[in-house]
Structures are given as structure tokens and as C-alpha cells.
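In what follows, a single structure is set out as C-alpha cells and then discussed.
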Amino acid sequence: MEGAVLIAAVVAFGLVFDFTNGFHDAANAMATPIATGALSPRLAVGASGVLNLVGAFLSLSVAATIATGIVDPTSVTTVAVLAGLIGAITWNLVTWLFALPSSSSHAIVGGMIGAALVQAGPGAVNAGGIVSRVLVPALGSPVITAVAAGVAVFV
């Protein structure tokens with residue numbers, strides 16, 4: 001029975017994380033179009049809701065990356081998943097409280113890395129996966145975006 005309670009807790013905290021992800025990341029995405037007047041608040045919220053729902057059905061890439069490329073799934077237990085979720089939820093709430101922009105995807109990655117380190121040690125963390133799947137895209141995306149924007153403005 002204890003296992004069923006633990007799984008129910010993971011599901012419940014997963015839903016809470018999804019909720020914090022929704023109000024946290026959606027607000028970041030909607031701030032620019034609303035502030036510039038490109039979209040009304042009603043249209044921005046509606047578009048965000050629809051596009052987030054569609055995105056959830058189109059791709060599981062972030063979930064797959066976390067599940068396979070960042071930590072060793074054989075070393076991480078349900079307790080570590082719960083701890084990672086609690087860490088990510090806490091980070092989302094703290095950054096929201098202080099109005100700091102932050103990525104919920106990066107919060108869950110960090111939560112899982114921290115939980116894996118504490119539970120199973122450094123061997124449970126895939127350093128190559130962190131570099132190739134988190135750091136390189138995080139550092140490369142602003143450069144690629146700047147180049148694309150420059151080309152678009154020039155053309």
C-alpha cells in the first residue's frame with residue numbers, strides 16, 4: 001500500500017508542477033505580445049491555452065530528454081522523482097513570487113539532477129547529456145536567434 005501512496009503523491013505533485021508550469025511559463029510567453037499591444041490579453045490567454053494543449057500532444061521531447069538523457073533511470077527511484085518535482089515546484093513558486101523570469105523545464109531538469117545526486121551519487125547523472133541536451137541548446141539558442149533576427153531585419 002505504501003507504494004501506491006507514493007505513486008499517488010508523484011501523480012499529484014506532477015499535476016501541481018504542471019499547474020505552476022502553466023501559470024509561470026505562459027505568463028512569460030504572453031508578456032511581450034500583451035505589453036506591445038500585438039494581442040489583447042483575452043486573445044493571448046486563449047492562444048496560449050490552445051497552443052500549450054496542442055504542444056503537449058505534438059511532442060514529448062522535453063519529457064523524453066529528462067527521462068533518458070539527464071539522469072540514469074535505473075538509479076532513480078519514485079522518491080527521487082517526487083523530490084525533483086517538489087524542488088521544481090518550489091523554484092517555480094519562488095521565482096514567480098519575486099517576478100523573476102525562469103524556465104519550468106529547466107527547473108524540473110535541475111530538480112531531477114539534484115534528487116539523483118543526493119539519492120544515487122554523481123554516477124546517476126549523465127554529464128554528457130547535460131552538456132549536449134541542456135547547456136549547448138541554452139547557450140546556442142540566443143546566438144541562433146540573434147543571427148536569424150538579423151537576417152530577417154536585413155532582408
Between [X] and [Y], is there shared hydrophobic-cluster membership here, with clusters defined by ILVMFWY side-chain heavy atoms closer than 4.5 Å?
{"X": "Ile70", "Y": "Leu135", "value": "yes"}
{"X": "Leu97", "Y": "Leu100", "value": "yes"}
{"X": "Val109", "Y": "Leu93", "value": "yes"}
{"X": "Val11", "Y": "Val16", "value": "no"}
{"X": "Phe19", "Y": "Val10", "value": "yes"}

Taking all non-hydrogen atoms of both residues into account, name the closest pair between [X] and [Y] and its distance.
{"X": "Leu85", "Y": "Gly14", "value": "CD1-N, 3.7 Å"}
{"X": "Ala88", "Y": "Phe17", "value": "CB-CE1, 3.6 Å"}
{"X": "Gly84", "Y": "Ala115", "value": "N-CB, 3.9 Å"}
{"X": "Met112", "Y": "Val71", "value": "O-CG1, 3.8 Å"}
{"X": "His106", "Y": "Val134", "value": "CD2-CG1, 3.9 Å"}

Determine whether the side chains of Trp91 and Ser102 contain a donor N or O and an acceptor N or O closer than 3.5 Å.
->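 Note: Trp91 and Ser102 side chains meet the donor-acceptor criterion.
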Criterion side-chain contact (heavy atoms from CB on, under 4.5 Å) against Leu82, the qualifying member of Ile86, Thr78, Val79 =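 The passing option is Ile86.
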Check whether any side-chain N or O of Ser48 sits under 3.5 Å from a backbone N or O of Ala44 as a donor-acceptor pair, and report yes or no.
->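 No, the answer is negative, given that no donor and acceptor are paired below the 3.5 Å cut-off.
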To the nearest 0.5 Å, tell me how far Ser104 OG sits from Asp18 CG.
->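 Rounded to the nearest 0.5 Å, the OG-CG separation comes out at 9.5 Å.
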From Asn92 atom CG to Thr20 atom OG1, the distance as rounded to the nearest 0.5 Å =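 These two atoms lie 4.0 Å from each other.
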Yes or no on side chain to side chain contact (heavy atoms under 4.5 Å, CB included) for Leu117 and Val125, after CA distance, side-chain angles and deciding distance?
-> CA-CA 7 Å; Leu117 279 171; Val125 177; 3.7 Å; yes
Can you find a heavy atom in the side chain of Leu43 that is under 4.5 Å from one in the side chain of Ser40?
->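 In contact.
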Would you mind reporting whether Val136 and Val131 have side-chain heavy atoms less than 4.5 Å apart?
->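 In short, these two side chains touch, coming nearer than 4.5 Å.
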Which pairs pass side-chain hydrogen bond (donor to acceptor under 3.5 Å, both in side chains) with one or both residues in residues 113-126, sequence neighbours excluded?
->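 Sorted result for residues 113-126: Thr77-Gln119.
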